[in-house]
> 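Quick one: this structure, given as structure tokens, is what I'll be asking you about.
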Amino acid sequence: MKPTNIKDPEYFHKVVDCQYACPAHTPVPEYIRLIAAGRYDDAYMINWESNVFPGILGRVCDRPCEPACRRGRVEEEPVAICRLKRVAADNKEDIKDRLPTIMPKNGKKIALVGAGPASLTVARDLAPLGYEVELFDEQDIGGGFMRNQIPSFRLPIEVLNEEVNYILDMGVAAHFKHYVDSLKSLVDKDYDAIFVGSGAPNGRDLTKLPGRQEGDDSIHVGINWLDSVAFEHTKSIGENVIVLGGGNTAMDCCRTALRLGGKNVKIVVRSPQADMKASPWEIEDAISEGVPIFENHTPKEFVVENGKLTGMKFEKVRAEYDENGKRSLVPTGEDLVFMEADQVLIAIGQDNAFPWIERDIGIEFGKWDMPVVDQVTFQSTNERVFFGGDAAFGPSNIITAVAHGHQAAISIHKFCQGESLTDRPAPQVNLLSQKMGFHEWTYDNEIDHDKRHLVPHVDKEIALNNLKVEVEKGYDQDLGYEEAMRCLNCDVQTVFTDNLCIECDACADVCPTNCINFTDNGEEEDLRTRLLEPANLTDQDLYVSGELKTSRVMVKDENVCLHCGLCAERCPTAAWDMQKFSYSVTKAGKECA
């Protein structure tokens, strides 16, 4: 193998697994260290620079960073990255003086359709650069689906308002209670660019199921029902409630139904519970509140008697998987199962809907009647119109919408400046030694052996009797510190200097995971099998040195390195050094900074 090029910014980026997995590439270890140091304002601002909504995402993020966390490879549970974000948000002071300075208007005018996370991120990036930003949304307040589809017992209104207003207060002209029923009307105006972040507003229904029309008054599409609850149009529900679906919306529906008076609330899902799309912690919270899950039941009929919904009939199925893992649901042949219900909430997925986008304004539509959008630039086939969030590629999550918004803002800025959209700005990177003395580092490299700390919850009796009581209390400062100390500092890299190595093998001897090897070079497939511990995870690279004096090479398996620093402490010649790697995705306008 050729020597590893550690000057490639993506090499060490990939080693910082949590940051690499985050769609917005938030520098996770950096802000966790700041939390451990009690520097909550600094930790918050590092989050805000990348993910825009630290207080919101510290509560409701889908947490793609946590399955990637290196701590999860040596223990059962990863670091509670998401909940640590909330620690910074809950303990920060007033940070308004640290928000970007708004530059004088630059003469360019941008329209944003929808006030959800994607559009708000575009506004947050472009408004400080002097763009005149106008936002349109049919609701009477900003936040999009963060407001109308996430219950307040998970996301308090005051947290949502605070972080939405940080952006709106940048001089964004918000036109609320304004439904855009024609994109052509915006295209025909003097906007230099238009961003569509309207989400995926249509919940899927079961219109063809027998009894659907007859029982319509007692059957609700989940996201519409949550919207009605959020804006206090719906304040009660029947005692016997069936929630159809296995995603996070279904979990929100059943838990909300409990708080509105449901006594017998159940989730019914077609698939096995293991295949449910909801986040594991959302399923756990629903179960802990007493909601049973009936798996492998396919809805067959809404039962309506004398004009009133009395329940549903289901067919029992079993899941079978082919050699490619594709699932088929096969009827078991048992009699249909009847479940009593006076109300049913349908939460089986969402679709995009663009009846308001005319087909004669240069926007091409493709599969599933979705606009054709470039996956890098987020530009549509009408060069002035950009898409992001759920509106671009279908339903996803908040952090993905934020990532889309950042990239779309770069494209809009370049488009308005007459620059190439495909010439994307490089990330801002740095690699800096952490050495203070021969065995001293600027960070704590002691491995903490604590298990993941549980987040305290409000007493269930209190929580279930008030829709607005936040269920999770969050970590206090002490628990936040203890959880932060579980982080393995994966951004502090082990950097090897070939010509300083005397091949004493002391580093290999002291390494707790046997990830350092001195061996003959070879092809990667062969080399991976000849290490002290075979490097079977090919998604993570091998760190290979140049040829040493014995003609051997140093090979390190980045997958199992704990970044403990023992190799650098043991090395008599300082061939190993611990160097902090920083990686920041460049935002609109920052390439010239």
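Bear in mind the structure is a predicted one, so any value in this text is a computation, not a measurement.
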> In this structure, are over 12 heavy atoms from other groups packed under 6.0 Å from Lys14 atom NZ?
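Counting other residues, nucleotides and ligands, NZ of Lys14 exceeds 12 neighbours.
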> Decide, yes or no, whether a salt bridge links Asp90 with Arg86 under the criterion of side-chain N to carboxylate O below 4.0 Å.
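Yes.
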> Taking the cut-offs as 6.0 angstrom to the six-membered ring centre and 45 degrees off its axis, would you call Lys92 and Tyr44 a cation-pi pair?
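Judged by the rule (NZ or CZ under 6.0 Å from the ring centre, within 45° of its axis), Lys92 counts as positioned above Tyr44.
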> Between Arg528 and Glu524, does a salt bridge (charged side-chain N to carboxylate O under 4.0 Å, His left out) hold up when you go through it step by step?
CA-CA 6 Å; Arg528 284 182 175 273; Glu524 180 175 354; 2.9 Å; yes
> With Thr422, which residues qualify under side chain to side chain donor-acceptor pair (under 3.5 Å), at least two apart?
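Testing Thr422 for side chain to side chain donor-acceptor pair (under 3.5 Å), a comparison that skips the adjacent residues, returns Ser420.
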> With a cut-off of 6.0 Å (strictly less than), are more than 12 heavy atoms of other residues, nucleotides or ligands near CD of Glu76?
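No, because the 6.0 Å sphere around CD of Glu76 holds 12 heavy atoms or fewer from other groups.
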> Find out whether Lys473 and His457 are in side-chain contact, i.e. whether some heavy atom of one side chain is under 4.5 Å from a heavy atom of the other.
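No, their side chains stay 4.5 Å or more apart.
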> Taking only residues two or more places apart in sequence, or in another chain, which ones meet Lys435 in a side chain to side chain contact (heavy atoms under 4.5 Å, CB included)?
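Lys435 satisfies side chain to side chain contact (heavy atoms under 4.5 Å, CB included) with Ser433, Trp441, Ala574, Asp577 once adjacent residues are dropped.
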> At what distance, to the nearest 0.5 angstrom, does CG of Asp541 lie from CG of Asp557?
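Nearest 0.5 Å value for the CG-CG distance: 10.0 Å.
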> Please collect all side-chain hydrogen bond (donor to acceptor under 3.5 Å, both in side chains) contacts where either partner lies in residues 18-39, sequence neighbours excluded, each pair once.
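Those involving residues 18-39 are His13-His25, Glu30-Arg33, Glu30-Lys580, Tyr31-Lys85, Arg33-Asn489, Arg33-Asp491, Arg39-Asp42.
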> Counting only N and O atoms by type, is there a donor-acceptor contact under 3.5 Å from the side chain of Glu472 to the main-chain atoms of Pro456?
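Not at all, since once roles are kept as given, no pair shorter than 3.5 Å links the two residues.
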> Considering only NZ, NE, NH1 and NH2 on the basic side and carboxylate oxygens on the acidic side, decide whether Arg204 and Asp351 come within less than 4.0 Å.
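So Arg204 pairs with Asp351 through a salt bridge.
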> Within the 3.5 Å criterion, strictly below it, is a donor on Thr442 or Gln434 matched to an acceptor on the partner's side chain?
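Yes - a donor-acceptor pair under 3.5 Å links their side chains.
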> With a 4.0 Å cut-off on N to O distance, would you call Arg452 and Glu66 a salt bridge?
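The answer is yes: the pair qualifies as a salt bridge.
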> Okay, side chain of Ser584, backbone of Gln428: is any donor-acceptor separation there less than 3.5 Å?
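No; judged by distance alone, with no hydrogens or angles, the pair does not exist.
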> Could you please spell out the steps behind the salt bridge (charged side-chain N to carboxylate O under 4.0 Å, His left out) verdict for Asp17 and Arg73?
CA-CA 11 Å; Asp17 303 84; Arg73 299 176 200 170; 2.6 Å; yes
> What pairs with Phe12 under ring-ring contact (aromatic ring centres under 6.0 Å, His included), at least two apart in sequence or on another chain?
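So Phe12 forms a ring-ring contact (aromatic ring centres under 6.0 Å, His included) with Phe581.
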> What orientation do Trp576 and Phe496 show, parallel under 30°, tilted 30 to 60°, or perpendicular over 60°?
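Ring orientation of Trp576 relative to Phe496: tilted.
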> Hey, can you pull the donor-acceptor pairs under 3.5 Å for the side chains in residues 397-404, sequence neighbours left out?
residue: Asn397; atom: OD1; partner: Thr400; partner atom: N; Å: 2.9
residue: Asn397; atom: OD1; partner: Thr400; partner atom: OG1; Å: 2.7
residue: Asn397; atom: ND2; partner: Asp62; partner atom: OD2; Å: 3.3
residue: Thr400; atom: OG1; partner: Ser396; partner atom: OG; Å: 3.4
residue: His404; atom: ND1; partner: Gly389; partner atom: N; Å: 2.9

> Could you tell me whether the side chain of Asp505 and the main chain of Ala508 form a donor-acceptor pair under 3.5 Å?
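No; judged by distance alone, with no hydrogens or angles, the pair does not exist.
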> May I ask you to decide whether Lys549 forms a salt bridge with Asp498, counting only side-chain N to carboxylate O separations under 4.0 Å?
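Looking at Asp498 together with Lys549, the answer is no, because their closest N to O distance does not fall below 4.0 Å.
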> Step by step, work out the salt bridge (charged side-chain N to carboxylate O under 4.0 Å, His left out) result for Arg552 and Asp520.
CA-CA 5 Å; Arg552 299 187 301 172; Asp520 294 331; over 6 Å; no
> Any ring-ring contact (aromatic ring centres under 6.0 Å, His included) involving residues 550-569? Give me the pairs, sequence neighbours left out, ordered by first then second residue.
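Checked against ring-ring contact (aromatic ring centres under 6.0 Å, His included) - neighbours excluded - no pair reaches residues 550-569.
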> Do NZ/NE/NH1/NH2 and the carboxylate oxygens of Arg270 and Glu295 come within less than 4.0 Å?
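Looking at Glu295 together with Arg270, the answer is no, because their closest N to O distance does not fall below 4.0 Å.
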> Tell me whether the guanidinium CZ or amine NZ of Arg63 lies under 6.0 angstrom from the six-membered ring centre of Trp281 and within 45° of its axis.
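The answer is yes, since Arg63 meets both limits relative to Trp281.
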> Say whether Glu482 and Tyr475, considering side chains only, have a donor N or O and an acceptor N or O under 3.5 Å apart.
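No pair is found: no donor N or O on one side chain lies under 3.5 Å from an acceptor on the other.
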> Taking C-beta and beyond as the side chain, do Arg327 and Glu320 meet within less than 4.5 Å on heavy atoms?
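A side-chain contact under 4.5 Å is absent here.
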> Do you see a donor-acceptor pair shorter than 3.5 Å between the side chains of Thr519 and Arg530?
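Yes - a donor-acceptor pair under 3.5 Å links their side chains.
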> Rounded to the nearest 0.5 Å, how far apart are CG of Asp369 and CG of Asn352?
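Asp369 atom CG to Asn352 atom CG measures 9.5 Å (nearest 0.5 Å).
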